[in-house]
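As the structure lists them, so they are numbered: ligands from 1, and atoms in each ligand from 1.
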Amino acid sequence: MTLIPELTILQPNDKEQIDLPHTLEDEWAVGKKRLYIESYGCQMNFADSEIVAAVMRNAGFATTSSAAEADVIFLNTCAIRDNAEQKVRHRLKHLTGLKRLKPELLVGILGCMAERLKTKLLEEEKVVDIVAGPDAYRDIPKLVEEAESGQKAVNVFLSREETYADISPIRLSSNGVTALVSIMRGCDNMCSFCVVPFTRGRERSRDPYSIVREAQDLFDRGYREVTLLGQNVDSYKWNDELEMTNDKSADSRTDSSLSFAGLLERVARIHPDLRVRFSTSHPKDITDDVLHTIARYDNICNYIHLPAQSGSSRVLALMNRTYDRSWYMGKIDRIREILGDDCGISTDMISGFCSETEEEHQDSLSLMDYVRYDYAYMFAYSERPGTLAAKKYPDDIPEDVKKRRLTEIIDRQLAHSAQRNQRHIGQVQRVLVEGTSRRSDDDLSGRSDQNKLVVFPKGNHQKGQYVSVLITECTSATLRGEAV
Ligand code: SAH
Ligand code: SF4
Ligand code: F3S
């Protein structure tokens with residue numbers, strides 16, 4: 001359930017099994033209007049849908065897992081690549097058919113595509129009644145009311161402050177074990193290929209007390225893993241002098257501000273049985289402090305998603321990533337020095353960025369050889385209107401060349417994933433069980449510390465437990481073993 005699937009393999013956060021929502025009290029839901037919400041794109045969008053569900057619940061809507069049963073359908077959309085948008089357009093065609101059968105049905109577009117296209121969406125897609133950008137979710141009940149009265153409703157204002165800190169998300173499609181917790185919104189980085197700064201607005205951090213409270217509450221309700229989410233978690237920053245002077249025990253903090261390392265530590269201290277993950281780390285910002293914090297706490301996962309995008313310093317400069325190949329390699333070396341070879345590392349790679357030569361493509365492959373990533377999300381460059389790259393550099397790599405380079409990147413990654421998984425054979429891994437395996441009811445599946453999917457025979461074990469599993473076999477995507 002993370003990035004767009006088409007050109008992605010080995011998604012570490014793909015749930016093996018997704019249970020249907022049990023989160024709503026069934027009695028409350030009786031006779032209520034129904035909301036169906038479908039999420040596309042990154043984990044942040046999935047977390048946002050849970051905020052939207054909470055806002056709509058306050059307005060008297062229960063959620064349903066069936067689109068046909070819904071009074072309101074929201075698509076929480078992604079604009080990161082053209083194919084992400086095409087997928088939503090395609091889905092809207094299907095919803096047009098549904099609306100013909102049920103004319104009172106309301107259809108809303110939320111998220112990044114809403115923000116990018118604004119009222120243009122209403123002109124282009126007649127089936128759409130509501131358009132709401134990522135900072136407008138508190139306003140959604142009003143927009144629904146407007147739409148119910150027959151008007152089209154739009155709110156795409158971006159905010160510098162909104163973090164929805166006070167809203168308790170309704171956990172949709174929850175396995176009851178792992179949950180997403182948003183710690184910041186927006187992005188100030190302006191990578192030249194990327195639409196996110198335009199669709200999500202300026203970067204802002206959420207207050208740490210509400211983050212810790214949310215994580216504590218999840219733990220109290222039986223959840224055993226939280227993933228702290230932001231486009232660039234290493235630039236998390238919270239200024240609050242009062243709180244800082246009251247608690248001098250954590251060391252990853254200056255007098256008046258809390259860094260990401262400090263936040264990570266606070267969440268890790270909730271309970272040793274609460275696993276903490278985080279995403280995404282930016283190579284320019286990740287600090288030794290964060291790495292040492294991971295090393296200090298057993299419950300902070302030994303896994304870092306550190307997107308490189310390219311292995312060529314010239315391409316990285318065009319991408320405006322603000323680091324070069326040797327800086328990136330230096331960060332990998334630091335990870336290995338502080339956390340050892342055991343730390344899982346994953347990346348994002350883009351093939352065929354503007355003017356990328358064959359040699360520069362080889363640089364990406366050789367960087368992959370240097371790091372030997374555990375996982376990767378890999379994409380062909382897709383020009384996004386309005387971005388720096390779209391304005392400055394021609395999208396001049398032919399589609400077939402982008403695809404061929406992408407295939408080479410994927411093939412290389414598959415080989416590395418298999419190698420990286422093989423070294424676990426014979427090891428005992430601590431697995432947090434997330435549910436029954438999708439392939440067999442006799443097996444459980446969960447994740448290791450390094451975020452690897454592990455499948456093993458059920459025995460007497462249950463969802464939500466930590467189980468020590470001796471790894472006996474693997475593929476490039478999964479480890480298999482037996483509880484010991
Ligand atoms: N904040 C994260 C990435 C968020 S977008 C970071 O900085 O790493 C997720 C991934 O989508 C990016 O890492 C990039 O690899 C990919 N991506 C973004 N824009 C793209 C584009 N125009 N074409 C192809 N891939 C893109
Ligand atoms: Fe996009 Fe770059 Fe921000 Fe990531 S850091 S969201 S790639 S602009
Ligand atoms: Fe997509 Fe928006 Fe996330 S563009 S990747 S849903 S921030």
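- Counting protein heavy atoms only, atom 2 (Fe) of ligand 2 is closest to Cys191 SG, 2.3 Å.
- Of the polar atoms of His282, none of the N or O atoms is found under 3.5 Å from an N or O of ligand 1, judged by distance alone.
- Ligand 3 places these atoms under 4.0 Å from at least one heavy atom of Cys112: 2 (Fe), 4 (S), 6 (S), 7 (S).
- At the top of the distance list for atom 1 (Fe) of ligand 2, counting protein heavy atoms only, stands Cys194 SG, 2.3 Å.
- Residue contact check: Asn45 has heavy atoms under 4.0 Å from atoms 6 (S) of ligand 3.
- Put simply, the residue from Asp135, Asp48, Asp188 that forms a salt bridge (charged side-chain N to carboxylate O under 4.0 Å, His left out) with Arg200 is Asp48.
- Looking at Asn189 and His282, their side chains come closer than 4.5 Å, going by heavy atoms from C-beta outward.
- Of the possible polar contacts, one joining the Asn421 side chain to the Thr475 backbone as a donor-acceptor pair under 3.5 Å is found.
- No side-chain N or O of Ser159 forms a donor-acceptor pair with one of Arg138 less than 3.5 Å apart.
- Close to ligand 3: Ala79, with a non-hydrogen atom less than 4.0 angstrom away.
- Neither the backbone nor the side chain of Pro307 comes within 4.0 Å of ligand 2, counting heavy atoms alone.
- Checking Cys78 against atom 1 (Fe) of ligand 3, an N/O/S atom falls under the 2.8 Å cut-off.
- Every atom of ligand 3 with a heavy atom of Cys42 under 4.0 Å away is listed here by number and element: 3 (Fe), 5 (S), 6 (S), 7 (S).
- Judged by the 6.0 Å and 45° rule, Arg81 forms a cation-pi pair with Phe379.
- Looking from atom 5 (S) of ligand 2 to the surrounding protein, the closest heavy atom is Asn189 ND2, 3.4 Å.
- Considering backbone and side-chain N/O of Phe193, one or more are found under 3.5 Å from N/O of ligand 1.
- Glu115 places no side-chain N or O within donor-acceptor distance of the main-chain N or O of Leu117, the cut-off being under 3.5 Å.
- Taking the six-membered ring for Trp and thresholds of 30 and 60 degrees, Tyr323 and Tyr328 have ring planes inclined between 30 and 60 degrees apart.
- For atom 7 (S) of ligand 3, the nearest non-hydrogen atom from the set Gln231, Met44, Arg185 belongs to Gln231.
- The protein atom (non-hydrogen) at minimum distance from atom 3 (Fe) of ligand 2 is Cys187 SG, 2.3 Å.
- Protein heavy atom in closest approach to atom 6 (S) of ligand 2: Gln231 OE1, 3.5 Å.
- Between Glu203 and Arg185, none of the side-chain N atoms (NZ, or NE/NH1/NH2) sits under 4.0 Å from a carboxylate O, so this pair counts as no salt bridge.
- Donor-acceptor pairing under 3.5 Å is recorded for the side chains of His305 and Ser346.
- Residue contacts with ligand 2, taken as heavy atom pairs separated by less than 4.0 Å, involve Arg321 solely via side-chain atoms from C-beta onward.
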